[in-house]
Amino acid sequence: MDKQKIIVSKDLNVSLSEALQMIDYDKLFVLTDEETALYCLPLIRDNEKIKDAGVIVIQAGDLHKTLDAVSGVWMYLSRNGASRKSAMVNLGGGMVTDLGGFAASSFKRGIPYINIPTTLLGAVDAAVGGKTGINFNGLKNEIGVFSPSKVVLIDTTFFQSLDRENILSGYAEMLKHGLISNDKNLSDLICFDPENIDYRRLQELLVISVKIKEKIVSEDPYEKGIRKALNLGHTVGHAFESFSFERNRPTLHGYAVAWGIICELYLSYCLTGFPADKLRQTIRFIRNHYGTFEIDCKDYDHLYELMTHDKKNESDRVNFTLLADVGDIRINQTADQKMIFEMFDFYRDNQ
Ligand code: GLY
């Protein structure tokens, strides 16, 4: 897989011109959703190279990460003279960069594209690493391809208008990157106050975080092995996320991952010897900032069912990425139902 160039911008327009110079194109298109068209596009619209670009606007939100929306993007490109030499800029959160990456990678067998993430979650996760896709048949990211953007342009100006919850949602993925890297990164993240943000410091932590993801992706771009480290917290996190939608208590992705991390670090403590003091320290940080997602013992069966339906599982044992210590990653670990129910007991006892 081609390596993505990552630009951490100090001046959005200068960096954008630099990014666009890295690709050859005849026509340029910008993909936005209704929100980013309103709040983010104006920040780049005056750029010399963006002025004449065709702007495509899709509906915002994961519900619209559909084949219909992709078809709308292809139709716009096709009707507006896009060729194999055209390029696209995806300006938005993870939904826009996932869908836009897929639309660009399949249009005329693939045109180059640039991701400009406008959320912290997008910058630290979706925009980096080459996973693109859409939801299909009720399943998240069921259709897609590995196809990296040529450039990821990260500019923290966009994050300054995010609310506390959306900052925390992205920060959970940074915390995950801390846990899978080293003690220094983890303790820097735990010492940061995400409620009272120093944006310069956030940018420094973000750069480290993106590098951690970049390094793992470069070792295993197609997720055959070590890239599974990035799934820490996500097996339980996805179950909490789906459950929250089913129960009309929708939660942001990063919150579900943070609660999933509590559960999966407990499994790590039981099954792979993760140190108790680091477990306690991480739980304290998550509880203080993310609160709790309440479940009771009547929910265990259904949560377990949500996990066993996860496409990563081959039997009724559930597959996890665990840690033997911070940075000591153990992929392809499994736990049975009894262990998983014990994990939920621990999660509830530590609410
Ligand atoms: N979101 C995890 C990955 O990119 O592999």
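Numbering of ligands and ligand atoms starts at 1, following listing order. Worth saying up front: this structure is predicted, and the values here are computed from it rather than measured.
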- Message: Is it the case that atom CZ in Arg84 sees more than 12 heavy atoms from other parts of the structure closer than 6.0 Å?
- Response: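 At most 12 heavy atoms, drawn from other residues, nucleotides or ligands, come within 6.0 Å of this atom.
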
- Message: Is it the case that over 12 heavy atoms from other parts of the model lie below 6.0 angstrom from the NZ atom of Lys49?
- Response: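 Count over threshold, so yes.
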
Could you go through ligand 1 and list every pair where one of its N or O atoms sits under 3.5 Å from a protein N or O, giving the atom names and the distance to one decimal?
unit_1	atom_1	unit_2	atom_2	d
ligand 1	1 (N)	Asp125	OD1	3.0
ligand 1	1 (N)	Asp125	OD2	3.3
ligand 1	4 (O)	Lys213	NZ	2.7
ligand 1	4 (O)	Arg227	NH2	2.7
ligand 1	5 (O)	Lys131	NZ	2.9
ligand 1	5 (O)	Arg227	NE	2.8
ligand 1	5 (O)	Arg227	NH2	3.2

- Taking the six-membered ring for Trp and the full ring for Phe, Tyr or His, determine whether the centres of Trp74 and Phe107 are under 6.0 Å apart.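 No - the distance between ring centres of Trp74 and Phe107 does not fall below the 6.0 Å cut-off.
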
- Query: Do the side chains of Asn141 and Phe136 get nearer than 4.5 Å, heavy atoms only?
  - Reply: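 Side chain of Phe136 against side chain of Asn141, heavy atoms only: no contact under 4.5 Å found.
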
- Task: For Arg227, check salt bridge (charged side-chain N to carboxylate O under 4.0 Å, His left out) against everything at least two apart and list the hits.
- Result: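 Here no residue qualifies.
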
- Query: Per the side chain to side chain contact (heavy atoms under 4.5 Å, CB included) rule, which among Val151, Thr97, Asn90 passes with Tyr113?
  - Reply: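 Of the listed residues Val151, Thr97, Asn90, the side chain to side chain contact (heavy atoms under 4.5 Å, CB included) partner of Tyr113 is Asn90.
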
